[in-house]
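Just below is one structure, and these are the notes that go with it.
Scope of the values below: all heavy atoms of this structure, side chains included, with no hydrogens, waters or symmetry mates.
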Number of protein chains: 2
Amino acid sequence: MPGPKRWRHRFREQVCRWTMPREAILDLLSRTSKHMSPKEIYGEIQKSYPGIGLTTVYRTLDLLVRSGVINRFSFGDGQSRYEFKEGRKQSQHYHLICTQCGRIFDYSDFVEEELAIVRKTEAILAKKYNFMVQDHNIEFYGLCDQCQSQNERRS
Amino acid sequence: MPGPKRWRHRFREQVCRWTMPREAILDLLSRTSKHMSPKEIYGEIQKSYPGIGLTTVYRTLDLLVRSGVINRFSFGDGQSRYEFKEGRKQSQHYHLICTQCGRIFDYSDFVEEELAIVRKTEAILAKKYNFMVQDHNIEFYGLCDQCQSQNERRS
DNA sequence: ATTGTTAATGAAAATGATTTTCATTATCAT
DNA sequence: ATGATAATGAAAATCATTTTCATTAACAAT
Ligand SMILES: [Mn+2]
Ligand SMILES: [Mn+2]
Ligand SMILES: [Zn+2]
Ligand SMILES: [Zn+2]
């Protein structure tokens, strides 16, 4: 079943209607590799569907997060950011966040070793604290290439 | 040099005045193991120093974060949360966040292996992306013991 | 101990992200 | 094609955080 149709079916199952705003927002997120905020998504969506309201963007993002189709992040810049959850493990990646310019970079090297540790950790957590892990998140904060050279030029 | 006095000196160096609100807030954070929000801190501080305003709490937390004395987290519940940075490596720990009740648990098992991986990762990041890592963060999302049993009782 | 400079404070207003309300519209099972 | 009702958009409400500004307090110099 091709993309849109698959979503339509998937959502019908939970007494949901597959509407144009939902299609547009999911489509946008599935095409970008950026970590977009509601306002950014709204701005982008406006270009092709001027009728869609910011409120609907918020509601749709909530729905998609609850449905497990996208991920929500709080990188600490005052707004939430969203990312399409790609199929399977391939897409597993973590984030580098530049503390100066705020840009976010995807990072997916060494994920094998990291995942092994994470699995091991999850097992411990389940046994010791009886905590049922559903998801995890690793992030590195620091200075991106650009901000580093900018800084030394200034000093 | 005992606690308060040490801070007083440390802050003088950066043309800062060591004031009563700063003392009170740092003192509170250094005693608790909770991850408190500005409003929670404000509420607690009020009990002993009714004069201190919420604005000052915000400003002081910013100062302490910039000074590297405390850490700021965004766990995604709409407010930032703060934690005293304890001395040395001993205190290195990560977080378990219950997606249902929002409670946050400290976790510090297996940190050895995790730290080894993190170091390795940092080296790669530095080489490949020229990203200078200053800090990192690992968090697990899931259901805490209590919420799990609550759920099965309801189902 | 007193004093002057000015960093820090608190109250109120402003801002900005997110949520709620409610009348209207559009989806989709029948 | 139609009815039930889920979804929408605009406006208002909320809530966390920041800014403004007149007043206060810290502390270096005396
Ligand atoms: Mn990403
Ligand atoms: Mn902690
Ligand atoms: Zn940067
Ligand atoms: Zn819980």
Side-chain angles (χ1 to χ4, degrees), chain A residues 4-27 35-46 48-67 69-70 72-82 102, chain B residues 4-27 35-46 48-67 69-70 72-82 102:
Chain A
K5 206 159 196 173
R6 192 175 71 234
W7 294 120
R8 192 163 302 150
H9 275 269
R10 175 158 177 187
F11 278 86
R12 284 239 184 97
E13 288 163 14
Q14 40 182 101
V15 202
C16 264
R17 293 175 184 177
W18 189 246
T19 63
M20 190 257 275
R22 291 175 181 183
E23 172 79 36
I25 291 169
L26 184 54
D27 182 64
H35 307 84
M36 300 180 81
S37 70
K39 212 200 295 181
E40 286 169 353
I41 292 168
Y42 172 69
E44 204 56 41
I45 289 291
Q46 283 278 301
S48 10
Y49 305 88
I52 296 179
L54 180 56
T55 307
T56 297
V57 172
Y58 273 101
R59 283 189 287 230
T60 301
L61 290 170
D62 275 353
L63 175 70
L64 294 176
V65 167
R66 273 183 282 118
S67 309
V69 182
I70 65 177
R72 185 204 311 268
F73 292 97
S74 300
F75 290 123
D77 66 336
Q79 54 205 306
S80 45
R81 297 190 165 272
Y82 299 85
Chain B
K5 206 158 195 175
R6 192 175 73 236
W7 295 118
R8 192 165 302 149
H9 274 270
R10 176 158 176 187
F11 278 85
R12 285 241 183 96
E13 286 163 15
Q14 40 182 99
V15 201
C16 266
R17 292 174 183 178
W18 190 246
T19 64
M20 191 257 275
R22 291 175 181 182
E23 173 77 36
I25 291 169
L26 183 54
D27 182 63
H35 307 84
M36 301 181 82
S37 69
K39 212 199 297 182
E40 287 169 352
I41 292 168
Y42 173 69
E44 204 56 41
I45 289 291
Q46 284 278 299
S48 12
Y49 305 88
I52 297 180
L54 181 55
T55 307
T56 296
V57 172
Y58 274 102
R59 283 190 287 230
T60 301
L61 290 170
D62 275 353
L63 174 71
L64 294 175
V65 168
R66 273 183 282 117
S67 309
V69 182
I70 66 177
R72 185 204 312 270
F73 292 97
S74 299
F75 290 124
D77 66 336
Q79 54 204 308
S80 45
R81 296 189 166 275
Y82 299 83

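For B:Cys16, counting side-chain heavy atoms from C-beta on, the closest listed nucleotide (C:dA8, D:dT17, C:dG10) is C:dA8. The side chain of A:Ile52 has D:dG9 as its nearest neighbour among C:dG10, D:dA16, D:dG9. Considering only side-chain atoms of A:Arg22, the nucleotide from D:dA7, C:dT9, D:dT18 that sits closest is D:dA7. Side-chain atoms of A:Arg59 lie closest to D:dT8 of the nucleotides C:dA11, D:dT8, C:dC28. Here the nucleotide nearest the side chain of B:Gln79, chosen from D:dA16, C:dA11, D:dA10, is D:dA16.
Here CD1 of A:Ile41 is found 9.5 Å from OG1 of A:Thr60. Values are rounded to the nearest 0.5 Å. With rounding to the nearest 0.5 angstrom, the CG atom of A:Leu61 is 10.0 Å from the CE atom of A:Met36. Atom CE of A:Met20 is separated from atom CG of A:Asp27 by 12.5 Å, given to the nearest 0.5 angstrom. To the nearest 0.5 Å, the span separating SG on A:Cys16 from CH2 on A:Trp18 amounts to 9.0 Å. Interatomic distance, CD1 of B:Ile25 versus OH of B:Tyr42, reported as 11.0 Å (0.5 Å rounding).
Comparing B:Thr56 and A:Gly78 by the nucleotide of DNA chain C whose heavy atom lies nearest to each, the residue mapping closer to the 5' end is B:Thr56. Each of A:Tyr42 and A:Leu63 has a nearest nucleotide on DNA chain D; the 5'-most of these lies closest to A:Leu63. Comparing B:Tyr58 and B:Met20, the nucleotide of DNA chain D nearest to each residue sits closer to the 5' end for B:Tyr58.
Regarding B:Ile41, its CD1 atom lies at a distance of 10 Å from the P atom of D:dT17, rounded to whole Å. Nucleotide D:dT18 holds its C1' atom 12 Å from the CZ atom of B:Arg72, rounded to whole Å. Rounded to whole angstrom, the span from the CG atom of B:Leu54 across to the P atom of C:dA8 amounts to 19 Å. As a whole-Å value, the separation of B:Leu61 CG from D:dA16 P is 15 Å. Here the P atom of nucleotide C:dA26 and the CD atom of A:Glu23 are 17 Å apart, to the nearest Å. Spacing between atom CE of B:Met36 and atom C1' of D:dA16 amounts to 16 Å, rounded to whole angstrom units. For the pair B:Tyr49 OH and C:dG10 C1', the computed distance is 17 Å after rounding to whole Å. When the P atom of D:dT8 is taken as reference, atom CD of A:Gln46 falls 14 Å away, rounded to whole Å.
Using a 4.0 Å cut-off, no side-chain N or O of A:Thr55 falls inside it from OP1 or OP2 of C:dT18. A:Ser80 has a side-chain polar atom (N or O) that falls below the 4.0 Å cut-off from OP1 or OP2 of C:dT18. Using a 4.0 Å cut-off, no side-chain N or O of A:Thr19 falls inside it from OP1 or OP2 of D:dA6. Applying the 4.0 Å criterion to OP1 and OP2 of D:dA16, one finds that B:Lys39 has a side-chain N or O inside that range.
Between B:Val57 and B:Pro38, the shortest heavy-atom distance links the atoms CG1-O, 3.8 Å.
Interface remark: the B:Arg17 side chain does form a donor-acceptor pair with the C:dA7 base, using a distance-only criterion of under 3.5 Å.
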